[in-house]
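Reading through the structure tokens given below for one structure.
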Amino acid sequence: MAKITYIEHNGTEHVVDVANGMTVMEGARDNGIPGIEADCGGACACSTCHVYVAPDWVEKLPEKQDMEEDMLDFAYEPDPARSRLTCQIKVTDALDGLVVQMPEKQI
Amino acid sequence: MSHIVIVGAGQAGSSLAAKLRDDGFDGDITLIGDETAPPYQRPPLSKDYLLGKMPRDRLFLRADSFYTDRRIVLRTGTPVTRIDPAARTLTFGDEVLSYDQLALTTGSVPRRLPAAIGGDLAGLFTVRTLADIDALEPQVRPGRRVLIIGGGYIGLEAAAVAAKQGLEVTLVELADRILQRVAAPETSDFFRALHSAHGVDIREGVGLSRLIGDGQVAQAELSDGTTLDIDFAIVGAGILPDTALAETAGIACDNGIATDTHGRTSAEGIWAAGDCASFPHGSARLRLESVPNAIDMAECVALNMLGGDREYVPEPWFWSDQYDVKLQIAGLNTGYDRVVIREGEGSRSHWYYAGDRLLAVDAMNDPRAFMVAKRLLAAGKSPDAAAVADASIDLKTLMR
Ligand SMILES: Cc1cc2nc3c(=O)[nH]c(=O)nc-3n(C[C@H](O)[C@H](O)[C@H](O)COP(=O)(O)OP(=O)(O)OC[C@H]3O[C@@H](n4cnc5c(N)ncnc54)[C@H](O)[C@@H]3O)c2cc1C
Ligand code: FES
């Protein structure tokens, strides 16, 4: 389990516990947190689950696969270092304390 | 206080309910579905869920609390049997419910085989609902022999799962090639080769004559005269819009529940969205069978139900996963006269043109091509075909 902080673009913070094995996207979805749309439901096909990861977390997350990297390149205002697709990040204990910030909009 | 009722608790129905609240609707919302499960995603049904890689609770589109928090009354396991548009009521069981506005998001139903050719035998499965997959999954065991009827995306995804699980898979497609209805020969060729490499026996231009068995299907007789011994069959012969309820209420249907550009049906106060709806598109009507269409049309209709004035203009896209190939499609290829091929390292994309106008792209493990095409299509731009075909040219430069 990991405590994850989701920060909406307007600054509203949501701190929730997300079970291991879920994705960071599913953590937002299952807690009704707005700002992550996830149209494709986690298939890495839409890029509407884009967030900016807090700088101190960038290095601690599992690396991006090519597919995620390529999709992110075309997300809304991607940041080469901090942008991630939340559906591609599996939750483990190691993610306890993760902070992610939603972009102004999803494509 | 006004009451909006939504019939069909799937992708479109749940998006519509959520959007009504997001847009500030303060009245009552009732979302009614005949399936027992709360709204869930269908795409994984023929992919990771059937493979056993995705547990059931991850399929649900929203947590239960989402509905209670937003005062959306969700009634599952509740088939609506009648609408009375004049009285603005609907009936389920022995209950009658009044509405001020009604949205029909009833989705589609799979085509079934007629009983005359063995369609009523045991051992036949469709791939539409969670219940369908829960019935099918125990059949998907190594060594078993399955016949898949129909070479569209659903049939091919089911074939991929079955092949991965070590089944003996035969797929018949009546048309002269798989994916004939939706893709160019180049794309059919790609997927035929992919499935053949995984041991799937694809037979094109071959129909099913009949299924034979004593209660349980045991053999399939094909139109080319061959007979196959099988353990079970999957019917992937396409879907039909679920217009049953609308038709009995006298609502106009034309390849789906017919709506205007805003999602209104022929009955006052009744709207439709998603798989079940056909809407004006150019000089004809269009009906789309995809998640993006279900979400986007539902959200557009929600806005219009609250007094908005927005035409529904789809930006079609779709995806399909087979083995380690992710196919992403942007646009609609109807009317194309040529296909430009772009080949990358381990990726490939097929660009459909009508003259110089780009219509659609099939991208195989090529998310960049998909995303670029999606942007170009949304902007109404067509890149130079020669540049598209030249893999040394960065796709991003095409967006300028
Ligand atoms: C196996 C599978 C894989 C797919 N893969 C993809 C994919 O990869 N990408 C993609 O974009 N799309 C995919 N699709 C298509 C996508 O799932 C559909 O387009 C989408 O679900 C349509 O949403 P909808 O709300 O219109 O219909 P549905 O999700 O079908 O919901 C309609 C609901 O209404 C209910 N209903 C009907 N009549 C009544 C009644 N009288 N009373 C009460 N309830 C009623 C139905 O039972 C159903 O639950 C797939 C579909 C399937 C089946
Ligand atoms: S949910 Fe679609 S890419 Fe993450």
Side-chain angles (χ1 to χ4, degrees), chain A residues 6 8-10 12 14 16-50 64-78 80 83-91 102 105-107, chain B residues 11 15 18 21-22 40-44 47-49 54-55 57-70 290-296 299 315 317-321 324 326-330 344-347 363 365-375 378 394-396 399:
Chain A
Y6 299 84
E8 288 183 57
H9 186 72
N10 66 14
T12 310
H14 305 261
V16 297
D17 290 326
V18 186
N20 289 354
M22 303 289 275
T23 65
V24 175
M25 177 276 281
E26 289 167 336
R29 180 193 68 187
D30 293 352
N31 288 285
I33 299 170
I36 291 180
E37 289 169 13
D39 287 355
C40 77
C44 199
C46 72
S47 84
T48 67
C49 63
H50 170 213
K64 288 175 247 187
Q65 305 276 312
D66 291 350
M67 187 69 86
E68 181 186 349
E69 188 106 52
D70 285 344
M71 290 297 290
L72 271 173
D73 214 6
F74 297 91
Y76 180 74
E77 294 194 345
S83 284
R84 291 298 303 253
L85 293 180
T86 46
C87 72
Q88 300 303 302
I89 309 174
K90 271 250 158 47
V91 173
M102 272 72 113
K105 60 179 182 181
Q106 302 287 356
I107 291 290
Chain B
Q11 186 87 53
S15 298
R21 281 290 181 248
D22 282 352
Y40 59 89
Q41 331 170 38
R42 297 190 195 282
K47 307 178 181 84
D48 280 356
Y49 183 70
M54 188 177 193
D57 57 359
R58 289 178 58 191
L59 290 175
F60 300 121
L61 286 164
R62 288 169 172 101
D64 292 345
S65 58
F66 180 91
Y67 303 99
T68 42
D69 289 353
R70 285 169 202 237
S290 73
V291 165
N293 175 66
I295 297 174
D296 294 347
E299 292 189 344
E315 291 181 8
W317 67 275
F318 188 75
W319 76 94
S320 172
D321 294 321
D324 51 359
K326 178 174 298 296
L327 165 70
Q328 290 166 293
I329 303 173
E345 258 177 65
S347 70
N365 284 342
D366 195 345
R368 301 180 69 84
F370 167 72
M371 291 298 268
V372 168
K374 204 161 165 257
R375 294 281 178 81
D394 183 357
L395 280 172
K396 263 197 174 169
M399 298 210 295

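So that the names make sense, note that chain A is the first sequence line, chain B the second, and so on, each numbered from 1.
- Contact annotation for A:Ala38: neither backbone nor side-chain heavy atoms come within less than 4.5 Å of a heavy atom of chain B.
- With rounding to the nearest 0.5 Å, the separation of CE in A:Met71 from SG in A:Cys46 is 6.5 Å.
- Taking B:Ala63, B:Pro43, B:Pro367 one by one and counting their heavy-atom pairs under 4.5 Å with chain A, the maximum is reached by B:Pro367.
- Ion pairing between A:Glu68 and A:Arg84 holds under the 4.0 Å rule for side-chain N and carboxylate O.
- Most heavy-atom pairs under 4.5 Å with chain A: of the set B:Lys374, B:Gln328, B:Arg62, this distinction falls to B:Gln328.
- From A:Gln65, atom CD reaches atom CG of A:Asp70 across 11.5 Å, with rounding to the nearest 0.5 Å.
- Salt-bridge check for B:Asp22 with B:Arg70: passed, with a basic side-chain N closer than 4.0 Å to an acidic carboxylate O.
- In this model, no donor atom of one side chain and acceptor atom of the other lie less than 3.5 Å apart for A:Glu77 and A:His50.
- Between atom CE of residue A:Met25 and atom CD of residue A:Glu37 there is a gap of 12.0 Å, rounded to the nearest 0.5 Å.
- Interface remark: of the candidates A:Thr23, A:Asp73, A:Asp66, A:Asp73 forms the most heavy-atom pairs closer than 4.5 Å to chain B.
- Heavy-atom pairs under 4.5 Å with chain B were tallied for A:Cys44, A:Cys40, A:Gly41, A:Ala75; the largest tally goes to A:Cys40.
- Proximity to chain A is limited to the side chain of B:Phe370, based on heavy atoms less than 4.5 angstrom apart.
- Annotation: maximal heavy-atom pairing with chain A below 4.5 Å, among B:Met54, B:Met371, B:Gln11, occurs at B:Met371.
- Of the two parts of B:Lys47, neither the backbone nor the side chain holds a non-hydrogen atom closer than 4.5 Å to a non-hydrogen atom of chain A.
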